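This one's a predicted model, so the numbers in the text were calculated from it and none came from an experiment.
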Amino acid sequence: MHLSVLLNGKLRGMGRESRCEVLATRHVHAEGDADIYSDLRILSGPPDWPNGDYVAELGVLRARAQRLESLWLIDEILAPE
């Protein structure tokens, strides 16, 4: 089963921290298997932060994020720490 979910989290980097919202597809698996997330898109992030690399922390998920001009992008999901 595939579900669209809204994840609340934090963007961190360059000495900054702010809340964000990310839309993702959650792939629900059989009992005992971990759910998988894909197609992450930042819906709301700070509009005035400089271009650069950041990390989106979304509960158990971490993703590499990037601000490029007026866009927030997710580069990849990171392995758990």
Side-chain angles (χ1 to χ4, degrees):
M1 178 187 324
H2 307 286
L3 305 168
S4 292
V5 295
L6 184 63
L7 304 172
N8 291 305
K10 293 181 182 178
L11 283 167
R12 291 184 181 177
M14 296 191 181
R16 300 168 184 255
E17 181 177 308
S18 181
R19 299 178 79 171
C20 67
E21 291 183 324
V22 174
L23 182 64
T25 300
R26 179 179 167 194
H27 306 269
V28 180
H29 293 280
E31 188 175 322
D33 292 338
D35 294 347
I36 297 174
Y37 292 85
S38 66
D39 305 321
L40 278 68
R41 290 179 284 164
I42 297 175
L43 297 180
S44 67
D48 57 346
W49 281 16
N51 291 341
D53 297 322
Y54 298 89
V55 172
E57 297 178 354
L58 310 161
V60 298
L61 283 179
R62 291 177 60 244
R64 184 177 302 143
Q66 183 180 45
R67 174 127 168 110
L68 183 61
E69 301 305 324
S70 62
L71 300 174
W72 280 102
L73 309 169
I74 297 282
D75 292 332
E76 67 178 305
I77 296 175
L78 302 171
E81 289 186 325

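Once rounded to the nearest 0.5 Å, the distance linking CG of L3 with NE2 of H27 reads 9.5 Å. Residue I36 holds its CD1 atom at 12.0 Å from OG1 of T25, rounded to the nearest 0.5 Å. In this structure, the separation between CZ on R62 and CZ on R12 is 9.5 Å, given to the nearest 0.5 Å. The CH2 atom of W72 sits 6.0 Å away from the CZ atom of R67 when rounded to the nearest 0.5 Å. Rounding to the nearest 0.5 Å places CZ of R26 at 12.5 Å from NE2 of H2.
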Side-chain donor/acceptor pairs under 3.5 Å, residues 40-56, sequence neighbours excluded:
| residue | atom | partner | partner atom | Å |
| --- | --- | --- | --- | --- |
| S44 | OG | E21 | N | 3.3 |
| N51 | OD1 | E69 | N | 2.8 |
| Y54 | OH | P50 | O | 2.8 |

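Residues V28 and D35 approach most closely at CA-OD1, 3.6 Å, considering heavy atoms. Shown here for C20 and L58, the closest heavy-atom pair between the two residues is SG-CD2, 4.2 Å.
Cluster membership for Y37 and M1, using ILVMFWY side-chain heavy atoms within less than 4.5 angstrom, is shared. By the criterion of side-chain heavy atoms lying less than 4.5 angstrom apart, applied directly or through intervening Ile, Leu, Val, Met, Phe, Trp or Tyr residues, L23 is not grouped with L7; the two fall into different hydrophobic clusters. V22 and L78 fall into different hydrophobic clusters, where Ile, Leu, Val, Met, Phe, Trp and Tyr are joined by side-chain heavy atoms under 4.5 Å apart, directly or via other members.
With respect to the salt-bridge test (charged N to carboxylate O, under 4.0 angstrom), the residues R64 and E76 qualify.
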